[in-house]
Amino acid sequence: MIIIIGVVTAQPNAARALCRSLVAWYRRNRRDLPWRRGRDPYRVWVSEIMLQQTTVRAVVPYFERFVRVFPSLQALAAARLDDVLAEWSGLGYYRRARHLHEAARLIVKQHRGRFPRRLEEALALPGIGRYTAGAILSIAYGQPLPVVDGNVARVLSRLCLVRGPRSSAREKKLWSAAADLVAAADVPGDLNQALMELGATVCAPFGPSCPKCPLRRACRARAAGLQERVPSPRRLTRPTVAVRADVAVVTRAGRLLLRRRPDQSLMHGLWEFPTIPSGGVDDGLRVELRESLATIRHSITYRRLELRVRPARLLSEPPRDRYRWVRPGDLRRLPASSLVRKIMTAVGARTDRRTGSWTFDRPLRLC
DNA sequence: GAGACGTGGAG
DNA sequence: TCTCCAAGTCT
């Protein structure tokens, strides 16, 4: 039994032993993920940004496509923002893609195209906070910097029995514990990944598999029988709001009419099918009405967004700066939210899983 | 420090 | 159906 005091341990040898068993477990049990092949800082960086608040399962295909289209930091910096957003389409939190692109250009300008090694320089880049900086610098460069994400927070809360609701004091303890551990590791990047992997696969939020855990003998929560109750659940999320929107699918010569979302709106700059107010005109999509759009607000899941897709015809030509006609096959080259994919599916289009390109089995004749 | 920011899957 | 979440950052 290792005595855990305060943060991790007052005994450096015990901390080293803990690290060794954890990393050994990691090397035996880690999942084979595309960003774990090699330590290219660029690939580590892209993966860390994509994985923010996003499941591994969702990220894998996006990561593979993204690094195929933008194989290097230089390629990313040279790309147009719209092309970067297009590869991000459907992943959500599009600000991440904007930040990633902006940071790539800054790195080319200020760091000769190499991801910076100094913590302060990494933190100065847009989209990179304390967690992401620590992850990249430890995994790619082997620096002994701590990381605390949702997984690590859960593991350390249990290991060190850090109780209570989210607070700055609790955060401080967790970061301190993570720092103690990574300082005792032979390979900091592996230790950090081991903590995350453990949280993702063994030290689960509900029903942790304690018998499989390499830290089970040191875990204070388990010793106290509190592993199910630590950490305390986060506060209730905001209730969702049901929104109804009618979507106009306008076609001409086999092309679809898309509209670019305005600045300062959710998902600004992304392309979508025009929406029209529920109960709006039935005789076609009037250009005069296009400003009166249903707003898709955050915390509304699309399951609760009732979509009524209907054919519409244009009574006048829409302005070119914000509308365009797109061939279904070219849709994937435009930045669009997941809503576009849902609507395409609703009108009978199919997507090639690998290329992301859309086709219609039958000619598209909606109006 | 609370709230904004997307999405799809699990239970 | 509904709630909660999954490798956070920025304001």
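The shown structure was predicted, so the numbers you read here are calculated from the model rather than taken from an experiment. Both backbone and side-chain heavy atoms feed into the values below; hydrogens, waters and symmetry mates do not. Numbers restart at 1 for each chain; the letters A, B, ... are given by sequence-line order, proteins then strands.
- Contacts between residues 43-53 of chain A and DNA chain C, counted as heavy-atom distances below 4.0 Å, involve A:Glu48, A:Leu51, A:Gln52, A:Gln53.
- Atom CZ of A:Phe206 and atom C1' of C:dA6 are 13 Å apart (whole Å).
- Of the possible polar contacts, one joining the A:Glu228 side chain to the A:Gly207 backbone as a donor-acceptor pair under 3.5 Å is found.
- Where pairing requires Watson-Crick or G-U contacts shorter than 3.5 Å, the helical stems of DNA chain C with at least three consecutive pairs are B:2-5 with C:8-11, B:7-11 with C:2-6.
- Straight-line distance from the CD1 atom of A:Ile343 to the P atom of B:dT7: 11 Å, rounded to whole Å.
- Separation of the P atoms belonging to B:dG3 and C:dC5 is 16 Å when rounded to the nearest angstrom.
- The distance from atom NE2 of A:His268 to atom P of B:dC5 is 11 Å, rounded to the nearest whole Å.
- Distances shown here put every side-chain N or O of A:Lys342 at or beyond 4.0 Å from the OP1 or OP2 atom of B:dT7.
- In this structure, A:Arg36 reaches the bases: a heavy-atom distance under 4.0 Å links it to at least one base atom across the strands shown.
- Mapping A:His99 and A:Val152 onto DNA chain C by nearest heavy atom places A:Val152 at the nucleotide closer to the 5' end.
- The listed nucleotides are B:dT7, C:dA6, C:dG8; the one nearest the side chain of A:Tyr93 is C:dG8.
- Shown here is A:Arg31, whose CZ atom has more than 12 heavy atoms of other residues, nucleotides or ligands within 6.0 Å.
- Residue A:Leu156 comes nearest to A:Leu195 through the heavy atom pair CD2-CD2, 4.2 Å, listed as atom of the first residue, atom of the second, then distance.
- One interatomic measurement links the two molecules: CG of A:Leu100 to C1' of C:dT9, which rounds to 13 Å at whole-angstrom precision.
- Residue contacts shown for A:Arg31 include a base, since a base heavy atom lies under 4.0 Å away.
- Atom CZ of A:Arg216 is surrounded by more than 12 heavy atoms from other residues, nucleotides or ligands within 6.0 Å.
- In this entry the distance linking CZ of A:Arg95 with P of B:dG3 reads 16 Å, nearest Å.
- Distance A:Arg166 CZ to C:dG8 P: 10 Å, rounded to the nearest Å.
- Taking side-chain N and O atoms only, A:Thr54 has no distance below 4.0 Å to OP1 or OP2 of B:dG6.
- A sub-4.0 Å separation between OP1 or OP2 of B:dT7 and a side-chain N or O of A:Tyr94 is present.
- Position along DNA chain B of the nearest nucleotide to A:Gly92 versus A:Arg57 favours A:Gly92 as the more 5'-ward residue.
- Here A:Trp88 lies out of heavy-atom contact (under 4.0 Å) with every strand.
- Note: the hydrophobic cluster containing A:Leu33 also contains A:Leu51 (ILVMFWY, side chain heavy atoms under 4.5 Å, direct or indirect links).
- Ring geometry for A:Trp88 versus A:Phe66: interplanar angle over 60°, hence perpendicular rather than tilted (30 to 60°).
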(request) Decide side chain to side chain contact (heavy atoms under 4.5 Å, CB included) for A:Gln143 and A:Arg117; before the verdict, give the C-alpha distance in whole Å, the side-chain angles of both, and the deciding distance to 0.1 Å. (result) CA-CA 9 Å; A:Gln143 297 185 29; A:Arg117 288 172 174 271; 3.9 Å; yes
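- A:His111 contributes atom NE2, which lies 12.5 Å from atom CZ of A:Arg114 (distance to the nearest 0.5 angstrom).
- Among the protein residues, A:Arg341 comes within range of the sugar-phosphate backbone only, with heavy atoms under 4.0 Å from sugar or phosphate atoms but none that close to a base.
- You'll find the side chain of A:Phe115 reaches within 4.5 Å of the side chain of A:Leu137, heavy atoms only.
- Regarding contacts with the backbone of B:dT7, a side-chain N or O of A:Ser338 is found under 4.0 angstrom from either OP1 or OP2.
- Straight-line distance from the CG atom of A:Leu266 to the P atom of B:dG3: 18 Å, rounded to whole Å.
- Using atom P as the reference point in both B:dG8 and C:dT9, the two lie 23 Å apart (nearest Å).
- Looking at heavy-atom distances under 4.0 Å, A:Gly90 makes contact with sugar-phosphate atoms alone, never a base.
- Open room surrounds CZ on A:Arg320; 12 or fewer heavy atoms of other groups in view lie less than 6.0 Å from it.
- Enclosure of atom CZ in A:Arg260 by more than 12 non-hydrogen atoms of other residues, nucleotides or ligands within 6.0 angstrom is indicated.
- The separation between A:Arg154 atom CZ and C:dA6 atom C1' is 9 Å, rounded to whole Å.
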